[in-house]
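The structure appears below as structure tokens.
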Amino acid sequence: MADAKVIPFDDDRSRGSGTGGAQRPGRRRGASGRRAGSGSGGGELGEVQRLPGRGPERAEEPVERPGSGASGGLEQRVAAGLAFLRRRLTGEYEVDDFGYDAELTDQVLMSLLRPVYEKYFRVDVKGIENIPDKGGALIVANHSGTLPLDGLMMQVAVHDRHPAGRHLRLLAADLVFVLPVVNELARKLGHTLACAEDAERLLEQGELVGVMPEGFKGIGKPFGERYKLQRFGRGGFVSTALRQRVPIIPCSIVGAEEIYPMIGNAKTLARLLGFPYFPLTPTFPWLGPLGAVPLPTKWTIQFGEPIPTDGYPPEAAEDPMLMFNLTDQVREQIQHTLYKLLVQRRSVFF
């Protein structure tokens with residue numbers, strides 16, 4: 001595997017070549033040759049029949065007919081499941097220009113992540129009201145845990161706890177998009193490359209975008225430096241928010257640092273595999289596959305008060321001093337909240 005690298009978030013170059021195969025896929029079409037799910041007038045996402053499940057966009061409860069009892073609900077669930085499978089097999093479903101598959105995410109991928117979120121990490125969410133109901137916004141969070149499970153849990157938190165059921169579009173390093181299987185799943189979940197071009201396009205479309213500026217420095221730091229924020233880069237995320245005039249929402253995540261306590265880094269092995277680091281934990285690789293199971297820590301995710309950017313003039317995005325000050329403000333707010341949550345925490349596991 002080629003050496004992994006992080007494309008700086010503030011790098012404005014296009015992603016044509018040199019992204020390690022992370023090119024944006026085109027929109028899929030149905031068997032009829034036109035874009036699946038589109039009506040007679042264009043490319044809007046067609047109405048799909050949802051499987052019953054959790055989340056704010058539930059399918060309407062079936063009207064119970066006399067004598068039907070529970071069998072009616074079961075029949076409807078089976079019919080919905082078969083309709084979902086038919087659409088997947090025939091290709092009659094919609095993905096956007098970044099590869100995001102809303103139907104698959106809502107009905108399958110979120111259902112797989114939700115038990116980990118609810119039962120294993122038992123995530124508490126605070127400040128969800130700070131996320132706007134509509135329009136673009138940039139969520140900036142700390143990054144930790146050796147493997148990027150914190151981003152996935154933040155995505156479930158926004159999807160399930162926000163009153164509007166918003167979808168969080170995460171920006172990821174190019175390593176994600178060169179790994180088999182992981183690449184496809186990330187695209188289906190709505191993730192895209194961490195570059196200014198993609199971030200601005202999503203924000204311009206009114207999407208909720210998530211970024212973790214620490215990158216590999218945060219996720220791969222040793223256990224002794226837990227909850228100490230690493231450098232936030234050159235402030236590219238602030239420049240992007242200023243250009244699109246969207247609020248910046250700081251997010252602090254407690255609990256992820258302890259799932260894989262990283263006590264060592266096999267740098268030689270990491271270079272051979274093309275990874276930014278190869279973690280050594282108390283259980284991995286000594287216990288084999290069992291050592292890859294994360295510890296069941298108790299998580300808290302807190303979304304802070306938005307930092308508005310619409311009051312700055314258009315040229316503010318090119319002001320390095322302003323970008324430095326805003327970057328430092330976001331970083332300090334996240335760090336302060338982390339310390340506050342750690343003081344309030346009773347235990348790592350409870």
Side-chain angles (χ1 to χ4, degrees), residues 1 4 6 109 112-125 141-157 170-183 185-186 189 191 194 210-231 251-302 334-335 338-339 341-342 345-350:
M1 180 183 298
V6 180
L109 300 180
L112 295 175
L113 292 171
R114 192 169 290 120
V116 180
Y117 169 90
E118 292 181 344
K119 305 299 183 182
Y120 199 78
F121 293 135
R122 296 147 291 148
V123 181
D124 286 335
V125 179
N142 60 303
H143 205 14
S144 62
T146 305
L147 290 181
L149 298 182
D150 50 358
L152 296 176
M153 295 301 102
M154 183 170 64
Q155 194 171 5
V156 178
L170 289 174
L171 304 177
D174 64 338
L175 176 61
V176 172
F177 302 104
V178 298
L179 294 175
V181 182
V182 174
N183 171 30
L185 289 176
L189 275 165
H191 304 176
V211 61
M212 294 171 164
E214 293 177 280
F216 291 129
K217 299 187 301 293
I219 198 174
K221 64 178 177 287
F223 187 65
E225 298 180 13
R226 59 192 180 278
Y227 299 114
K228 296 178 181 178
L229 292 183
Q230 305 297 300
R231 185 173 175 267
C251 177
S252 302
I253 304 174
V254 165
E257 292 276 16
E258 295 90 358
I259 61 173
Y260 295 110
M262 186 169 164
I263 58 176
N265 179 14
K267 296 181 179 180
T268 302
L269 185 56
R271 285 195 296 269
L272 290 174
L273 296 175
F275 295 154
Y277 56 87
F278 189 89
L280 303 176
T281 76
T283 59
F284 183 83
W286 331 113
L287 299 183
L290 184 62
V293 177
L295 297 177
T297 57
K298 180 74 170 64
W299 287 34
T300 300
I301 299 178
Q302 179 162 335
I334 295 173
Q335 185 71 82
L338 286 175
Y339 287 149
L341 292 174
L342 288 171
R345 183 169 68 168
R346 296 180 302 165
S347 166
V348 173
F349 299 101
F350 303 102

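Note: hydrogens, waters and symmetry copies are ignored here, and every other heavy atom, side chains too, is used. Quick caveat: nothing in here was measured; it's all calculated off a predicted structure. When a residue number appears, it is its place in the shown sequence, counting from 1.
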Quick one: does any side-chain atom of [X] pair with a main-chain N or O of [Y] as donor and acceptor, under 3.5 Å?
| X | Y | value |
| --- | --- | --- |
| Asp150 | Ser144 | yes |
| Gln230 | Lys228 | yes |
| Tyr260 | Ala292 | yes |
| Ser252 | Ile334 | yes |
| Tyr277 | Lys221 | no |

So do [Y] and [X] actually touch side chain to side chain, heavy atoms under 4.5 Å?
| X | Y | answer |
| --- | --- | --- |
| Leu290 | Thr283 | no |
| Leu147 | Pro279 | no |
| Val254 | Leu342 | yes |
| Phe121 | Ile301 | no |
| Thr146 | Phe284 | no |
| Leu229 | Leu338 | yes |
| Ile263 | Pro222 | no |
| Pro296 | Arg122 | yes |

- Message: Set out, in order, the CA-CA distance, both residues' side-chain angles and the distance that settles side-chain contact (heavy atoms from CB on, under 4.5 Å) for Met262 and Ile219, then state yes or no.
- Response: CA-CA 10 Å; Met262 186 169 164; Ile219 198 174; over 6 Å; no

So, taking the atom named [atom1] in [X] and the one named [atom2] in [Y], what distance separates them when rounded to the nearest 0.5 Å?
| X | Y | atom1 | atom2 | result |
| --- | --- | --- | --- | --- |
| Asn142 | Met154 | CG | CE | 9.0 Å |
| Ile253 | Leu341 | CD1 | CG | 11.0 Å |
| Leu109 | Leu113 | CG | CG | 7.0 Å |

- Message: Checking Tyr117 against Gln155: is there a side-chain donor and acceptor pair closer than 3.5 Å?
- Response: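 No, no side-chain donor-acceptor contact under 3.5 Å.
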
How close do [X] and [Y] get, heavy atom to heavy atom, and via which atoms?
| X | Y | result |
| --- | --- | --- |
| Pro282 | Pro261 | CD-O, 3.2 Å |
| Glu258 | Phe223 | CG-CE1, 3.9 Å |
| Asn265 | Phe278 | OD1-N, 2.9 Å |
| Leu149 | Pro294 | CD1-CG, 4.3 Å |
| Gly215 | His143 | O-CD2, 3.6 Å |
| Pro276 | Leu175 | CD-CD2, 3.8 Å |

- Query: Which residue pairs satisfy the side-chain hydrogen bond (donor to acceptor under 3.5 Å, both in side chains) criterion with at least one member in residues 288-302, sequence neighbours excluded?
  - Reply: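 Checked against side-chain hydrogen bond (donor to acceptor under 3.5 Å, both in side chains) - neighbours excluded - the pairs reaching residues 288-302 are Asp124-Lys298, Thr297-Trp299.
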
- Message: Check this for me, if you would: do Arg345 and Glu257 make a salt bridge, where the nitrogen-to-carboxylate-oxygen distance has to be below 4.0 angstrom?
- Response: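 Salt bridge: no.
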
